[in-house]
Amino acid sequence: MRSSADIREAFLSFFESKGHTRVASSSLIPANDPTLLFTNAGMNQFKDCFLGLDKRAYTRAVSSQKCVRAGGKHNDLENVGYTARHHTFFEMLGNFSFGDYFKHDAIAYAWEFLTSPAWLNIPSDKLWVTVYATDDEAFQLWQDVAGVPAERIIRIGDNKGAPYASDNFWAMGDTGPCGPCTEIFYDHGADIWGGLPGSAEEDGDRYIEIWNNVFMQFNRTADGVLHPLPAPSVDTGMGLERISAVMQHVHSNYEIDLFQHLLQAAADAIGCSNEQQASLKVVADHARSCSFLVADGVVPSNEGRGYVLRRIIRRACRHGNKLGATQPFFYKMVAALAQVMGAAYPELVERQTFIEKVLKQEEEQFARTLEQGLKILEQDLVNLQGTVISGDVVFKLYDTYGFPMDLTADIARERNLSIDEAGFNACMDAQRERSQKAGKFNFDYNSLLKVDVDTVFTGYDSTHSEGKVVAMFIGDEAVNHVNEGQ
Ligand code: ATP
Ligand code: MG
Ligand code: MG
Ligand code: MG
């Protein structure tokens, strides 16, 4: 079996052998890019190279990039625990050309790495590819360079109702570098539900997208206009966990070596059995995103990046509670994670104690209201008419018990219920108005992502009243007054 660490190294050395410079992963907090919540792809740190604003000593690069997709344009938070292939945190393997090679070499390299006996040696009849609907050149190259038969190449058009909105037109965000792409899928077998890309059953998990090769050609500005880049470039991304699943002959990412270790650690920390329970997967997944985010300097707060982190931690705590956790458990995942990923990401080891402290503090704080909030919700559900939890209830859980809206939505989904989001937002607006009139704190409680504001951790100081959080201070500034004035 090839370990994920081994596959990461194979990818990096393959592209080094093709003249690429190995570049370290950048932080999960994008440098100087207010358009981006978290680093969501390998190309982020090279954005200015594509735009021609930054010239480096190299025109070819390869990296394994830490990514978080839990908000913003690419958000997979709701998928975790439900699909075999999505994480909030994952590693993206990528090769890049800044005005150097283009479609021909990108396709040739990708195919060689995947199918050559010297590298991954994946049987080519398990692979399918897609191209952007009008990209005849890529369609032809797959046949000529890789020998993929035409019937295994699928054209994907603008299926999302707007020009260049297709799955095969990749964009990092609403603005920035973008272009048509070609994606490689692996067929996990007929016993798994799911159809080919572009089919009605494409949301299934039989054909899993493993690698996206983007032909960077444009810069999209805020007015929606596509401006040609100074030079056609290449940006690719392959999920390390997905390719590991292929190489380890398992279907789900959660069955790979690394996740087996984390699932066991989660079961041990919670004190439950290690069966394939969805909640354990959520805990294992969230432990990675939360630990890496704290390692990169994000701390829980009520706005921006810190609020996304808080939401993920609280979600993990709720899943632990569901599995019977009675003590803080989440912070214990940090040691297990440092054990399996510390060699590749030393910051996990260096900052382990700090990460544990931050997670434990958030966990303890939320534990005070979690049980009570769940009880209140159960009572409300007894009287529920229909399948929608009212905005008032969602708001009460949020305001009094610190339940982020998506946490209540997560509970609702498990029971085939949904929440009244508009009703919740109306309650939020009303509260905002009240507090403005009263001239009190004027924070935006909703999950407003003010990504231009960085949350700086300078220590916690919390005061509590009747077991409910009244205020938490980061530095000198009160950023949380859950239950204040109630
Ligand atoms: P999907 O359609 O499966 O959601 P995507 O098209 O959104 O994937 P890309 O933006 O093309 O993904 O990212 C490049 C690669 O990164 C994907 O081909 C996949 O291997 C990997 N990847 C993307 N999102 C995730 C995720 N949430 N968890 C793990 N790997 C991911
Ligand atoms: Mg996606
Ligand atoms: Mg996709
Ligand atoms: Mg893709």
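First listed ligand is number 1; within each ligand, the first listed atom is number 1. A quick note: this is a predicted structure, and the numbers were derived from the prediction, not measured.
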Do Tyr132 and Ile156 have side-chain heavy atoms sitting under 4.5 Å apart?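 The answer is no; the side chains never approach within 4.5 Å.
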Would a 4.5 Å heavy-atom cut-off, applied to side chains only, mark Glu202 and Phe185 as touching?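 Counting from C-beta outward, Glu202 and Phe185 never come under 4.5 Å.
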Quick one: is the NZ or CZ of Arg155 closer than 6.0 Å to the six-membered ring centre of Phe139, and within 45° of its axis?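 So Arg155 does make the cation-pi contact.
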Let me know which protein residues bring a heavy atom to under 4.0 Å of ligand 1; chain then number is fine for ordering.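 Only Arg69, Asp76, Arg85, His86, His87, Phe90, Met92, Trp170, Glu183, Glu209, Ile210, Trp211, Asn212, Gly237, Met238, Gly239, Arg242 have heavy atoms that fall under 4.0 Å of ligand 1, ordered by chain and number.
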Basic-acidic side-chain contact under 4.0 Å: Glu112, Lys18: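 Answer for the salt bridge query: yes.
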In this structure, which one of Ile29, Asp296, Leu293 forms a side chain to side chain contact (heavy atoms under 4.5 Å, CB included) with Val68?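 Among the candidates, only Leu293 passes.
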Using modelled atom types and a 3.5 Å cut-off, is there a donor and acceptor pairing between side-chain atoms of Glu201 and backbone atoms of Pro197?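 Flag not set: sc Glu201 to bb Pro197 has no pair under 3.5 Å.
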The Mg ion (ligand 3): protein N, O or S atoms that are less than 2.8 Å away, sorted by chain: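 Listed by chain and number: Glu209 OE1.
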Option among Arg315, Arg314, Arg310 that satisfies the salt bridge (Lys or Arg N to Asp or Glu O under 4.0 Å) test with Asp406: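 Exactly one option meets the salt bridge (Lys or Arg N to Asp or Glu O under 4.0 Å) with Asp406, and it is Arg315.
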Could you check whether the rings of Phe15 and His20 sit parallel, tilted or perpendicular, using 30° and 60° as the cut-offs?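 It falls in the perpendicular class, over 60°.
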Determine whether more than 12 heavy atoms belonging to other residues, nucleotides or ligands lie under 6.0 Å from atom CD of Glu9.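 Yes, because the 6.0 Å sphere around CD of Glu9 holds more than 12 heavy atoms from other groups.
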